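Each remark here refers to the structure printed beneath this line.
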Amino acid sequence: MSVLVFVEVDEKEIKKSSLEAISYGKALEDDVLAICFDKVDHGAVESIGKAGAKKLIQVTNEQLAVPNIMAYSSAIAEAFDQNGCSVLVLAKSSLGDPVSARVAIKVGASVVSNVSGLSEGSGEFVVDRSIYTGKALAKTIVKGDKKVITIKKNTVPVREDGAAPEVVDFQPTLSDGDFVVKVTKTEKTTGEVLLPEADIVVSGGRGMGGPEKWGILEDLAKVLGAATGCSKPVSDMNWRPHHEHVGQTGIKVSPSLYIAVGISGAIQHLAGVNSSKYILVINKDPEAPFFKAADFGIVGDAFDIVPKLTEAIKAKKD
Amino acid sequence: MKILVCITHVPDTTSKISFTDNNTKFDKNGVQFIIGPYDDYALARAVELKEQHGGTVTALNVGEAETEPTLRKALAIGADDAIRINVFPSDAFFVASQIAKVAKEGNYDLIMMGRESIDFNGGIVHSLVGEMLALPSVSPVMSLDIEGSTARMTREIEGGKEFLEVPLPLVAGCQEPIAEWKIPNMRGIMASRTKPLEVIEPEKVEEGTTVKTFELPPPKGEVKLFEEDKIGELVDELINKAKVI
Ligand SMILES: Cc1cc2nc3c(=O)[nH]c(=O)nc-3n(C[C@H](O)[C@H](O)[C@H](O)COP(=O)(O)OP(=O)(O)OC[C@H]3O[C@@H](n4cnc5c(N)ncnc54)[C@H](O)[C@@H]3O)c2cc1C
Ligand SMILES: Nc1ncnc2c1ncn2[C@@H]1O[C@H](COP(=O)(O)O)[C@@H](O)[C@H]1O
């Protein structure tokens, strides 16, 4: 039995969440195949192998250079069947989610999304699934011989002990129906750490006072190699772009460290950050509810503390 | 234009979550239920599209009798009629199969959903329905306009957005800022009482998953506070103990 893993690429690098998906697959079965739609360089291929894949199925079709959910799903379903796979693993993302559902229907597999833990138990295939926006989890039995599993970030550590994978070229059979969704334009920030992928997130709330005040957070993010996030009112007021908004109605993040500055910690915001490993809160109000959800805290004015924190980190890291 | 809006009946976003019966059942005690926040965006945009282009908006829920007040609220907000498929929504595949059947029979031009439910958080029912009906599905949709038989949409992706053109019919999983949430007015509430709400029995479909038990995350320990002049100690802790920077 083989496991197929859909691998996403961002700015020529394999996404860390996809490497986690490969390592997740490796923990399920020894025989792990990865499928990828971008032409990736030698280093990227190596990282796929280290994470646990034996083989990389490389789709080199010009028509698929821009991500296309329906065509990717058809191609992945074809590769899944051709290679006699039993499980497809994907990292949760704006591409992974829809692809998981479509492939599941095409190959007749059970699909489970938002998985936050490995399969356990003998006989039954049981995974932990995050529900109620991180407020609970469901031990979920996934039925049937074929399964599609979409995992949350930070579900498994990335392995680094695998050998270089065999690379095979694959030309999927596609139809006109796969191309009915036309992407007319893509706007994407480049050179920045993607928020859902980030290992550290520096987030600002209404307490920051205005968009022109974000410099101190950007400086802190820069020394940490972190992504920047924000609370909902901040993106509602257009201080920051919508794709940075964290919470119940925004992006759910699960970084190793979430730093919240001038955010009160409303339950809807916490819903997006409660699977972070550590939370550091900086707020001038000692009664701010966020402190109850935090591991570390500093009570004080963001404009005094954040620059000092940035300096202290710089000093210790050099 | 015929629009189908699929809504969930979910605990209010501020609810405390707990379970009963040896952690096998959600504890509804004291919980207030609402239309899923993303579904609320879908519904608001559906009502706007109807105002622009004419047609009807049908609200659909897969759920037991207790969800009817939530469907009535959708009617008060502006849906013309409602359908309830009378069964507990146990699994994404199961729910999608029920929705797909109604959607197919009703020949809708547009099937609108939320980007995700806030109880299951699967974010996949729209894509499942799309594939079951061989229709395109797009999620999360931040704007949606109809021109003739084409939908122009923006979809949020990591770090940005895509601009899309898709022929109708299609399935859209919606999120803000597609529309402003609508609050029902008195007239809407009065009208909602007499608008049709049809109850239909479910299809026999085998679920893909079942929940064995629920669990709550371990409680968070006490926060460790650092004085403003002890930032260095905090940084040491982050580097050496937590090992996160
Ligand atoms: C259905 C629903 C969904 C929602 N979804 C989300 C969501 O996804 N994400 C989200 O974030 N919100 C969401 N909200 C909104 C949420 O309820 C809160 O209103 C919001 O999170 C508050 O944002 P904030 O903490 O930035 O602002 P505020 O609550 O105004 O808090 C500002 C904080 O900054 C502190 N402060 C002020 N000045 C300084 C300073 N100089 N230095 C340090 N600290 C300072 C204050 O003490 C205060 O704690 C949702 C609400 C609803 C009803
Ligand atoms: N029980 C249900 N009844 C009606 N619509 C639903 C139901 N469950 C999910 N949906 C729709 O599917 C969307 C995505 O749900 P999910 O895949 O559970 O995150 C929701 O926002 C709803 O629009």
Side-chain angles (χ1 to χ4, degrees), chain A residues 70 93-94 97-98 100-102 105-106 110-114 126 130-133 135-144 180-189 192 194 196 200 224 243 248-249 256-257 267-268 277-278 291 293-300 304-305 308-309 312-313 316, chain B residues 11 13-14 17 37-38 92-93 118-124 127-128 130-132 134 136-140 142 155-167 175-177 207-217 220 223-226 228 231-232 234-235 237-239 242 244-245:
Chain A
M70 293 175 89
S93 75
S94 66
D97 284 336
S100 73
R102 287 194 170 261
I105 301 301
K106 284 181 198 286
S110 295
V111 58
V112 60
S113 175
N114 224 1
V126 184
S130 173
I131 55 169
Y132 294 104
T133 323
K135 291 181 201 167
L137 59 86
K139 297 219 166 280
T140 304
I141 304 170
V142 191
K143 300 181 196 168
V180 293
V181 175
K182 299 237 160 8
V183 180
T184 53
K185 193 168 79 171
T186 304
E187 274 175 13
K188 202 162 166 299
T189 53
E192 275 176 36
L194 291 179
I200 305 180
L224 290 170
H243 63 253
Q248 175 112 48
T249 48
S256 302
L257 177 63
I267 193 159
Q268 294 95 352
K277 205 157 155 202
Y278 291 99
F291 284 115
D295 301 279
F296 308 112
I298 308 176
V299 179
D304 294 336
I305 290 166
K308 282 190 197 159
L309 180 62
I313 293 167
K316 307 256 174 186
Chain B
T13 54
T14 55
I17 304 297
Y38 298 109
F93 176 78
I118 64 163
D119 49 359
F120 279 10
N121 304 114
I124 54 173
S127 309
L128 289 168
E131 185 64 32
M132 286 169 179
S137 56
V138 180
S139 178
M142 301 174 76
R155 180 174 95 95
E156 184 158 66
I157 56 173
E158 289 75 14
K161 47 187 157 174
E162 284 177 347
F163 296 77
L164 306 169
E165 270 179 30
V166 189
Q175 71 169 29
E176 57 167 23
E207 299 158 341
T209 62
T210 17
V211 174
K212 215 172 161 183
T213 51
F214 296 105
E215 265 179 28
L216 294 174
K220 202 93 191 168
V223 57
K224 198 163 171 183
L225 290 178
F226 292 82
E228 212 179 313
I231 288 178
L234 166 65
V235 174
E237 176 119 9
L238 292 175
I239 293 177
V244 284
I245 62 176

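These numbers were taken from a predicted model, which means no experiment stands behind them.
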**Fill in**
Rounding to 0.5 Å, atoms CD (B:Glu228) and CD1 (A:Ile298) come to a distance of 8.0 Å

**Message:** Less than 4.5 Å to any heavy atom of chain A: does that hold for the side chain of B:Phe226, its backbone, both, or neither?
**Reply:** both

**Item:** Toward chain A, the part of B:Leu164 with a non-hydrogen atom under 4.5 Å
**Value:** both

**Fill in**
Applying a strict 4.5 Å limit to non-hydrogen atoms, the region of A:Leu194 in contact with chain B is side chain

**Message:** Measuring from atom NZ of A:Lys106 to atom CE of B:Met132, what distance do you get when rounded to the nearest 0.5 angstrom?
**Reply:** 13.0 Å

**Message:** Please check: side-chain N/O of A:Asn114 versus main-chain N/O of B:Asn121, any donor-acceptor pairing under 3.5 Å?
**Reply:** yes

**Prompt:** Considering all heavy atoms of both residues, which atom of A:Ser113 and which atom of B:Gly122 are nearest to each other, and what is their separation?
**Reply:** OG-O, 2.9 Å

**side chain to side chain contact (heavy atoms under 4.5 Å, CB included), paired with A:Thr133, selected from B:Ile17, B:Ile118, B:Thr13** = B:Ile118

**Complete:** chain B shares the most heavy-atom pairs under 4.5 Å, among A:Pro196, A:Ala294, A:Gly300, A:Ala312, with A:Ala294

**Prompt:** B:Glu237 versus chain A, heavy atoms under 4.5 Å apart: side chain, backbone, both or neither?
**Reply:** side chain

**Message:** So, using ring-ring contact (aromatic ring centres under 6.0 Å, His included) as the criterion, who are the partners of B:Phe214 when residues are at least two apart?
**Reply:** B:Phe19

**Asked** Considering all heavy atoms of both residues, which atom of B:Ser127 and which atom of A:Ala101 are nearest to each other, and what is their separation?
**Response** CB-CB, 3.5 Å

**Message:** With a 4.5 Å cut-off on side-chain heavy atoms, are B:Lys161 and A:His243 touching?
**Reply:** no

**Message:** To the closest 0.5 Å, what do you measure between NZ (A:Lys188) and CD (B:Glu162)?
**Reply:** 10.0 Å

**Heavy-atom closest contact (B:Asp119 atom, A:Ile131 atom, distance)** = O-CB, 3.3 Å

**Complete:** When the 4.5 angstrom heavy-atom criterion is applied to B:Ala242 and chain A, the contacting part is both

**Message:** Quick one about B:Gln175 and A:Thr249 (side-chain donor to acceptor, distance below 3.5 Å, no hydrogens or angles considered), yes or no?
**Reply:** no

**Prompt:** Within a strict 4.5 Å, meaning less than it, do heavy atoms of the B:Leu225 and A:Phe291 side chains meet?
**Reply:** yes

**Item:** B:Lys220 portion near chain A, given a 4.5 angstrom heavy-atom threshold
**Value:** side chain

**Fill in**
For A:Lys135 and B:Pro217 the tightest heavy-atom approach is O-CD, 3.2 Å

**Item:** Residue, of A:Glu192, A:Arg102, A:Lys316, that accumulates the most heavy atom pairs under 4.5 Å with chain B
**Value:** A:Arg102

**Prompt:** Considering only heavy atoms from C-beta outward, does the side chain of B:Thr14 approach that of A:Gln268 to under 4.5 Å?
**Reply:** yes

**Request:** Answer whether the closest heavy-atom distance between the side chains of A:Ile200 and B:Val244 falls below 4.5 Å.
**Result:** no

**Fill in**
Whatever's closer than 4.5 Å to a heavy atom in chain B on A:Pro98 counts as both

**Message:** If you count heavy atoms of other groups shown closer than 6.0 angstrom to NZ of A:Lys308, is the number above 12?
**Reply:** yes

**Request:** Please flag which part of A:Leu224 lies under 4.5 Å from any non-hydrogen atom of chain B: side chain, backbone, both or neither.
**Result:** side chain

**Prompt:** Considering all heavy atoms of both residues, which atom of B:Gly123 and which atom of A:Asp97 are nearest to each other, and what is their separation?
**Reply:** O-CB, 3.9 Å

**Message:** Quick check: closest heavy atoms across A:Gln248 and B:Tyr38, and the distance to 0.1 Å?
**Reply:** O-OH, 2.6 Å

**Check: B:Arg155 side chain, A:Ser94 main-chain N or O, donor-acceptor pair, under 3.5 Å** = yes

**Asked** So, the side chain of B:Glu215 versus the backbone of A:Lys139: is there a donor-acceptor pair under 3.5 Å, distance only?
**Response** no

**Asked** Between B:Pro136 and chain A, which part of the residue has a heavy atom less than 4.5 Å away: side chain, backbone, both or neither?
**Response** both

**Fill in**
dist B:Ile245:CD1 -> A:Ile313:CD1 (nearest 0.5 Å) comes out at 4.0 Å

**Request:** Heavy atoms only, distances under 4.5 angstrom: which of B:Leu216, B:Val211, B:Thr213 has the most pairs with chain A? Name it, please.
**Result:** B:Thr213

**Asked** How many angstroms lie between OG1 in B:Thr210 and CD1 in A:Ile141, if you round to the nearest 0.5 Å?
**Response** 4.0 Å

**Asked** Could you give the distance from CG (B:Leu234) to CD1 (A:Ile305), rounded to the nearest 0.5 Å?
**Response** 10.0 Å

**Asked** Is any side-chain heavy atom of B:Ile124 less than 4.5 Å from a side-chain heavy atom of A:Ser100?
**Response** yes

**Item:** Side-chain donor-acceptor pair present, B:Glu165, A:Thr184, cut-off under 3.5 Å
**Value:** no

